[in-house]
Asker: 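Structure in structure tokens, see below.
Positions are given from 1 along the sequence. Indexing begins at 1, ligand by ligand and atom by atom, following the structure's order.
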Amino acid sequence: MGNRLEGKTAIVTGGGSIGPGIGNGKAAAALFAREGARVMVVDLNLEAAEETRRLIEGEGGSCFTSRADVSVAADCERIAGECVRELGRIDILHNNVGIEIPGGILEITEDDWDRTLDVNLKSIFLMCRAVVPRMVEQGGGSIVNISSINGIRTLPALSGAYGASKLGMVALTREIAVEFAAKGIRCNAVLPGMMRTPFVEASLTDAWGGDVADMMRQRDAMVPIGRQGESWDTAHAALFLASDDAAYVTGTTLVVDGGLTCGVRTAPQGG
Ligand code: NAP
């Protein structure tokens, strides 16, 4: 337990996990609480959010949950209102929700394209539009958007819609950062690389050939550090950006990928 977020409140969207285990949102919610934040976990799947609440409360932290779809404007407004009512203010907005529907542009349907852009990108606009006025009123806040290295490079499981949405998030992050810098609001993005999370197994197995163990082996082998990252790696980067340690950091992208954007792993050198 630390105190880097002592006295702060945080909304974490997609703070449940799509499957058994700990995804990026769940890890961030738990880590924020360990560092002293009172956390609101928002998720489409209330039971998944409740699991995170039990984890946080089991560790002595403070958490409440709300079911919402962050691609729907009315839900985003309601979330912001609920957070202020329950916790008094919103210091941190952690936009973690994201979906990936694999497929190149000749495979993906128009509906899947629209859904991906709505859930991954429009949701950031909607959540920020609901939360930023409250942050302005209280004199500041920190927004962390979970993008992906897929916004700046392709990966073996092609997904044009996903990549486009994730790069769109980077542009929006910069716009928000500059627009609200003078109001004390910082806005940054984390770009995770290939992380070993329930999201990968649930969304990408077919695109990597259908065998989970083989997919994990292939993904581990590509990364210069020699393995995929963990949800906690994403969460630690988000904690830095959310906290006052990053008081002079805004509009930036923090890549957390074990070196993958520098290049794929080469064979170990002898001698
Ligand atoms: P996750 O386990 O798939 O999702 C967390 C929760 O978000 C799930 O409970 C899910 O509910 C919920 N959710 C989905 N759509 C929603 C919506 N419209 N409104 C509210 N909640 C919604 O994902 P995660 O591990 O926490 O984090 C995923 C984030 O990391 C995404 O933004 C992803 O793009 C990014 N990322 C992941 C990797 C990786 O390798 N894992 C790499 C780069 C970036 P349901 O289960 O009902 O769908």
Side-chain angles (χ1 to χ4, degrees), residues 11-31 40-53 65-76 78-79 94-102 114-124 126-127 144-153 155-157 159 161-170 189-205 207-208 215-216 218-220 222-223 227-235 237-238 253-258 260-261:
I11 297 175
V12 177
T13 73
S17 268
I18 197 169
I22 298 194
N24 290 328
K26 192 173 186 175
L31 189 59
M40 174 184 193
V41 171
V42 172
D43 209 287
L44 197 53
N45 178 347
L46 187 58
E47 184 40 38
E50 284 293 307
E51 231 184 81
T52 304
R53 182 180 63 76
T65 61
S66 189
R67 187 196 174 281
D69 180 344
V70 292
S71 66
V72 174
D75 280 20
C76 297
R78 177 175 53 76
I79 292 165
H94 183 72
N95 286 312
N96 165 76
V97 165
I99 57 169
E100 179 165 3
I101 304 170
D114 288 345
R115 191 160 150 255
T116 304
L117 271 288
D118 282 356
V119 172
N120 294 4
L121 182 56
K122 186 174 145 192
S123 66
I124 308 296
L126 294 176
M127 280 304 301
V144 180
N145 296 324
I146 302 301
S147 174
S148 166
I149 62 162
N150 216 165
I152 55 173
R153 62 154 291 171
L155 290 168
S159 179
Y162 184 75
S165 71
K166 291 300 185 180
L167 187 55
M169 284 175 69
V170 170
V190 177
L191 275 61
M194 293 206 280
M195 317 308 274
R196 195 183 183 101
T197 63
F199 169 95
V200 172
E201 189 170 333
S203 310
L204 302 181
T205 304
W208 282 79
M215 169 177 70
M216 294 304 183
Q218 289 184 60
R219 287 169 62 94
D220 284 339
M222 280 179 69
V223 184
R227 60 168 177 82
Q228 294 171 81
E230 306 289 337
S231 54
W232 300 105
D233 297 315
T234 309
T253 52
L254 179 48
V255 172
V256 181
D257 73 345
L260 188 54
T261 42

Asker: Could you report the tightest heavy-atom contact between Ser159 and Tyr162, atom names first, then the distance?
Answerer: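 Closest pair (atom of Ser159, atom of Tyr162, distance): OG-CB, 3.0 Å.
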
Asker: Give the intermediate values and the outcome of side chain to side chain contact (heavy atoms under 4.5 Å, CB included) for residues Leu44 and Val97.
Answerer: CA-CA 10 Å; Leu44 197 53; Val97 165; over 6 Å; no

Asker: Please write down residue, atom name and distance for the protein heavy atom closest to atom 15 (N) of ligand 1.
Answerer: Val97 CG1, 3.7 Å

Asker: If you have a sec, work out which protein heavy atom is nearest atom 45 (P) of ligand 1 and how many Å separate them, to one decimal?
Answerer: Asn45 CB, 4.3 Å

Asker: Purely on distance, is any nitrogen or oxygen of Gly23 under 3.5 Å from one on ligand 1?
Answerer: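 In fact, backbone or side chain, Gly23 has no N or O that close.
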
Asker: Rounded to the nearest 0.5 Å, what separates atom CG in Asn24 from atom CD in Glu230?
Answerer: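 It is 10.5 Å, given to the nearest 0.5 Å.
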
Asker: Do me a favour and list the nearest non-hydrogen protein atom to atom 29 (C) of ligand 1 with residue, atom name and distance?
Answerer: Asn96 O, 3.2 Å

Asker: How far is atom 26 (O) of ligand 1 from its nearest protein heavy atom, and which residue and atom name does that atom have?
Answerer: Gly25 N, 2.8 Å

Asker: May I ask you to check if ligand 1 and Ile99 share an N or O to N or O distance below 3.5 Å?
Answerer: no

Asker: Is Arg219 near ligand 1, meaning one of its heavy atoms is under 4.0 Å from it?
Answerer: yes

Asker: Taking 4.0 angstrom as the limit and counting only heavy atoms of Tyr162, give me the atoms of ligand 1 inside it, by number and element.
Answerer: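 Answer for ligand 1: 33 (C), 34 (O), 35 (C), 36 (N), 43 (C), 44 (C).
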
Asker: Can you list the atoms of ligand 1 that are under 4.0 Å from a heavy atom of Ser17?
Answerer: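 Numbered from 1, ligand 1 contributes 2 (O), 9 (O).
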
Asker: I'd like to check whether Ile18 has a polar contact with ligand 1, where a contact means an N/O of the residue lying under 3.5 Å from an N/O of the ligand.
Answerer: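 Between Ile18 and ligand 1, an N or O pair is found under 3.5 Å apart.
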
Asker: Which of the listed options, Asn95, Thr234, Thr197, holds the heavy atom that is closest to atom 41 (N) of ligand 1?
Answerer: Thr197

Asker: What part of Leu44, side chain from CB on, backbone N/CA/C/O, both or neither, has a heavy atom under 4.0 Å from ligand 1?
Answerer: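 Both the backbone and the side chain of Leu44 come within reach of ligand 1.
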
Asker: Apply side chain to side chain contact (heavy atoms under 4.5 Å, CB included) to Thr65 and Asp43, showing your working.
Answerer: CA-CA 8 Å; Thr65 61; Asp43 209 287; over 6 Å; no

Asker: In the structure I gave you, are the side-chain heavy atoms of Pro156 and Met222 within less than 4.5 Å of one another anywhere?
Answerer: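 Yes, their side chains come closer than 4.5 Å.
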
Asker: Could you check which of Cys76, Gly193, Ser148, Ala235 puts a non-hydrogen atom nearest to atom 42 (C) of ligand 1?
Answerer: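 Among Cys76, Gly193, Ser148, Ala235, the closest heavy atom to atom 42 (C) of ligand 1 belongs to Gly193.
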
Asker: Assess Ala202 for proximity to ligand 1: is some non-hydrogen atom of it under 4.0 Å away?
Answerer: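 Not so, Ala202 does not reach ligand 1.
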
Asker: Heavy-atom pairs closer than 4.0 Å: do any link ligand 1 to the side chain of Ser231, the backbone, both, or neither?
Answerer: neither

Asker: Under a heavy-atom criterion of less than 4.0 Å, does Pro198 contact ligand 1?
Answerer: no

Asker: For atom 44 (C) of ligand 1, state which one of Ser147, Gly16, Gly98 supplies the nearest heavy atom.
Answerer: Ser147

Asker: Give the atom numbers and elements of ligand 1 that come within less than 4.0 Å of a heavy atom of Lys166.
Answerer: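 Close to Lys166: 31 (C), 32 (O), 33 (C), 34 (O).
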
Asker: How far is atom 20 (C) of ligand 1 from its nearest protein heavy atom, and which residue and atom is that?
Answerer: Ala68 O, 3.1 Å

Asker: Is the backbone of Trp208 close enough, under 3.5 Å, to the side chain of Arg219 for a donor and an acceptor to pair up by distance?
Answerer: no

Asker: So which heavy atom in the protein is nearest atom 35 (C) of ligand 1, and how far is it from that ligand atom?
Answerer: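 Of the protein heavy atoms, Ile146 CG2, 3.8 Å lies nearest.
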
Asker: Among all protein heavy atoms, pick out the one at the shortest distance from atom 7 (O) of ligand 1; state its residue, atom name and that distance to 0.1 Å.
Answerer: Gly14 CA, 3.3 Å

Asker: Is there side-chain contact between Thr197 and Gln228, with at least one heavy-atom pair below 4.5 Å?
Answerer: no

Asker: Is the number of heavy atoms from other residues, nucleotides or ligands under 6.0 Å of Glu201 CD greater than 12?
Answerer: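 Not buried by this count: 12 neighbours or fewer within 6.0 Å.
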
Asker: What distance do Met195 atom CE and Arg227 atom CZ have between them, rounded to the nearest 0.5 Å?
Answerer: 8.5 Å

Asker: Out of curiosity, Leu155 CG to Asn150 CG, how far, rounded to the nearest 0.5 Å?
Answerer: 4.5 Å

Asker: From atom 17 (C) of ligand 1, work out which of Ile149, Asp75, Asp69 has a heavy atom at the shortest distance.
Answerer: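 Of the listed residues, Asp69 has the closest heavy atom.
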
Asker: What is the distance from atom CG of Leu167 to atom OG of Ser147, rounded to the nearest 0.5 Å?
Answerer: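 If I round to the nearest 0.5 Å, the distance is 7.5 Å.
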
Asker: Go through ligand 1 atom by atom and flag the ones less than 4.0 Å from a non-hydrogen atom of Val200.
Answerer: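 Heavy-atom distances to Val200 below 4.0 Å select 39 (C), 40 (O), 41 (N).
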
Asker: For atom 11 (O) of ligand 1, what's the nearest protein heavy-atom neighbour? Residue, atom name and distance, please.
Answerer: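 Ranked first by proximity to atom 11 (O) of ligand 1 is Asp43 OD1, 3.2 Å.
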
Asker: Under 4.0 Å from ligand 1, counting heavy atoms only, is it the side chain of Thr13, its backbone, both or neither?
Answerer: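 No part of Thr13 is near ligand 1 at this cut-off.
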
Asker: Mind running side chain to side chain contact (heavy atoms under 4.5 Å, CB included) on Val170 and Leu191 for me, showing each step along the way?
Answerer: CA-CA 9 Å; Val170 170; Leu191 275 61; 4.2 Å; yes

Asker: Using a 4.0 Å heavy-atom cut-off, which part of Asn24 comes near ligand 1: side chain, backbone, both, or neither?
Answerer: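 The answer is both, backbone and side chain.
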
Asker: Could you grab the distance from atom CE of Met216 to atom OG1 of Thr205, nearest 0.5 Å is fine?
Answerer: 6.5 Å

Asker: Which ligand 1 atoms are under 4.0 Å away from a heavy-atom of Met195?
Answerer: 39 (C), 40 (O), 41 (N)

Asker: If you look at every heavy atom in Pro102 and Ser203, which pair is closest and at what distance?
Answerer: CG-O, 3.5 Å

Asker: Check this for me: Arg115, atom CZ, are more than 12 non-hydrogen atoms of other residues, nucleotides or ligands nearer than 6.0 Å?
Answerer: no

Asker: Atom CG of Asn120 and atom CE of Met169: how far apart are they, to the nearest 0.5 Å?
Answerer: 7.0 Å

Asker: Can you tell which part of Glu100 has a heavy atom less than 4.0 Å from ligand 1: side chain, backbone, both or neither?
Answerer: neither

Asker: Just do the side chain to side chain contact (heavy atoms under 4.5 Å, CB included) check on Ile22 and Trp232 with the steps written out, would you?
Answerer: CA-CA 9 Å; Ile22 298 194; Trp232 300 105; 3.8 Å; yes

Asker: Does Lys26 reach ligand 1 with a nitrogen or oxygen that is under 3.5 Å from one of the ligand's nitrogen or oxygen atoms?
Answerer: no

